[in-house]
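Note that the numbering runs from 1 along the sequence shown for the chain. These numbers were taken from a predicted model, which means no experiment stands behind them.
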Amino acid sequence: MIRKIIHIDEEKCNGCGACVTACHEGAIGLVNGKAKLMRDDYCDGFGDCLPGCPTGAITFEEREAAAYDEQAVLENKQKKAAQAAKPAFHGCPGSAMRQFHREESAPAAPTAAQPSQLRQWPCQIKLVPVNAPYFDGAKLLIAADCTAYAYANVHEEFMKGKITLIGCPKLDAVDYSEKLTEIFRSNDIRSVTVLRMEVPCCGGLEHAAVTALKNSGKFVPWQVVTISTDGRILDR
């Protein structure tokens, strides 16, 4: 049906969220820092959100849209109220519970097991010898423990051809920078890749590696790759 409904100009939107609060039907949400009409049938066309927009990003338009569904709006409100009643998580953001819904795919044809790309033992930063012979001319991967479980292709994409050191600054509760500094000073390291998770506590691993590189007095090419908790590469 053709009816009056809101239109949001994303270029004008500054992501303040005032319209989200003003919309009593829950028709508007923030997506990637911009207001967005989530469902046509949630918008009643009354425009309660218009006065709340400081940039004038919201206007009316007439177009083909689903009819306003009062029952759907009510059910959405009840769902949000139930979620709000759950106790808030106040701990470390990296420890917040999350569940990922993976789509089940059809079984693939059997393939040969992929070989491990781990080239040395031990691999824990705390346990590895500073003067181990495998560091000579090595490309070094310094990886957070969780990356191997979050990102499916760690062995082939990141570990292959590298010496791998792993650790967790939160669980180990140590500063890795001193030991890493000695590894850089004592060996001919050709490059360094830091593979970390997106959670804040994983920044300790990146900080330790960067500090060690600076303290070693050597110029070694390095990069940081960040993995999301649901297994995507966010930055590299």
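Using a cutoff of 4.0 Å between basic side-chain nitrogens and carboxylate oxygens, E182 and K179 are not scored as salt-bridged. R190 and D188 are not joined by a salt bridge, as no carboxylate oxygen comes within less than 4.0 angstrom of a charged side-chain nitrogen. Using a 4.0 Å cut-off between charged side-chain N and carboxylate O, R196 and E206 make a salt bridge. Between D40 and R63 a salt bridge is recorded (basic side-chain N to carboxylate O distance below 4.0 Å).
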Give the intermediate values and the outcome of side chain to side chain contact (heavy atoms under 4.5 Å, CB included) for residues E62 and I5. CA-CA 6 Å; E62 287 195 2; I5 196 167; over 6 Å; no
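Around atom CD of E11, no more than 12 heavy atoms belonging to other residues, nucleotides or ligands sit under 6.0 Å away. Taking a 6.0 Å sphere around CD of Q223, one finds it holds more than 12 heavy atoms contributed by other residues, nucleotides or ligands. Other residues, nucleotides and ligands place more than 12 heavy atoms under 6.0 Å from the NZ atom of K218. Annotation: H155, atom NE2; neighbour count of heavy atoms from other residues, nucleotides and ligands within 6.0 Å is above 12. The neighbour count for F46 CZ, taken as heavy atoms of other residues, nucleotides or ligands under 6.0 Å away, does not exceed 12. Counted within 6.0 Å of CD on E157, heavy atoms from surrounding residues, nucleotides or ligands total more than 12; the atom is thus considered enclosed.
Note on M38 and I8: separate hydrophobic clusters, where clusters join Ile, Leu, Val, Met, Phe, Trp and Tyr whose side-chain heavy atoms are under 4.5 Å apart, directly or indirectly. No path of Ile, Leu, Val, Met, Phe, Trp and Tyr side chains, each step under 4.5 Å between heavy atoms, connects I28 with L74, placing them in separate hydrophobic clusters. Note on I227 and V199: same hydrophobic cluster, where clusters join Ile, Leu, Val, Met, Phe, Trp and Tyr whose side-chain heavy atoms are under 4.5 Å apart, directly or indirectly.
For the residue pair C53 and G56, the shortest heavy atom distance occurs at SG-N, 3.4 Å. When all heavy atoms are compared, the tightest approach of V73 to D41 is CG2-O, 4.2 Å. Across all their heavy atoms, K170 and C201 have their closest contact at CD-SG, 3.9 Å. The minimum heavy-atom distance between M159 and L141, with the atom names listed, is CG-CD2, 3.6 Å. Shortest non-hydrogen contact noted between T229 and A150 is O-CB, 4.4 Å. Shortest non-hydrogen contact noted between V154 and A148 is CG2-CA, 3.8 Å.
R3 contributes a side-chain N or O that, together with a main-chain N or O of A66, makes up a donor-acceptor pair within less than 3.5 Å. A distance-only check finds a donor-acceptor pair linking the side chain of K77 to the backbone of H24 [under 3.5 Å]. Side-chain atoms of T147 never come within 3.5 Å of backbone atoms of A143 as a donor-acceptor pair (strictly under, hydrogens ignored). Between the side chain of E25 and the backbone N or O of D44 there is no donor-acceptor pair closer than 3.5 Å.
Taking 4.5 Å as the limit, every side-chain heavy atom of T164 sits out of range of all side-chain heavy atoms of R119. Put simply, the side chain of T226 does not reach to within 4.5 Å of the side chain of M197, judged on heavy atoms.
Scanning for ring-ring contact (aromatic ring centres under 6.0 Å, His included) contacts around Y68 gives an empty result, with sequence neighbours left out. Taking the ring-ring contact (aromatic ring centres under 6.0 Å, His included) definition, one finds that Y42 meets it with nothing, sequence neighbours left out. Scored by the salt bridge (charged side-chain N to carboxylate O under 4.0 Å, His left out) test, K160 finds E156 as partners (sequence neighbours excluded). Residues satisfying the side chain to side chain contact (heavy atoms under 4.5 Å, CB included) criterion with L171, sequence neighbours excluded, are C168.
In this structure, CG on N215 lies 9.0 Å from CD on E178, to the nearest 0.5 angstrom. In this structure, CG in D145 is found 8.5 Å from SG in C202, a value given to the nearest 0.5 Å. Of the inter-residue distances, the one linking H7 atom NE2 with I58 atom CD1 reads 10.5 Å to the nearest 0.5 angstrom.
The side chain to side chain contact (heavy atoms under 4.5 Å, CB included) test with I6 is passed by exactly one of L50, D48, T59: L50.
The other members of the hydrophobic cluster of F184, by chain and number, are I125, V128, V130, Y134, F135, L140, I142, I163, L165, V174, Y176, L180, I183, I189, V192, V194, L205, V210, L213, V220, W222, V224 (side-chain heavy atoms under 4.5 Å, ILVMFWY only).
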Please table the atom pairs, donor to acceptor, closer than 3.5 Å between any side-chain atom in residues 12-23 and protein atoms at least two apart or in another chain.
unit_1, atom_1, unit_2, atom_2, d
N14, OD1, C16, N, 3.1

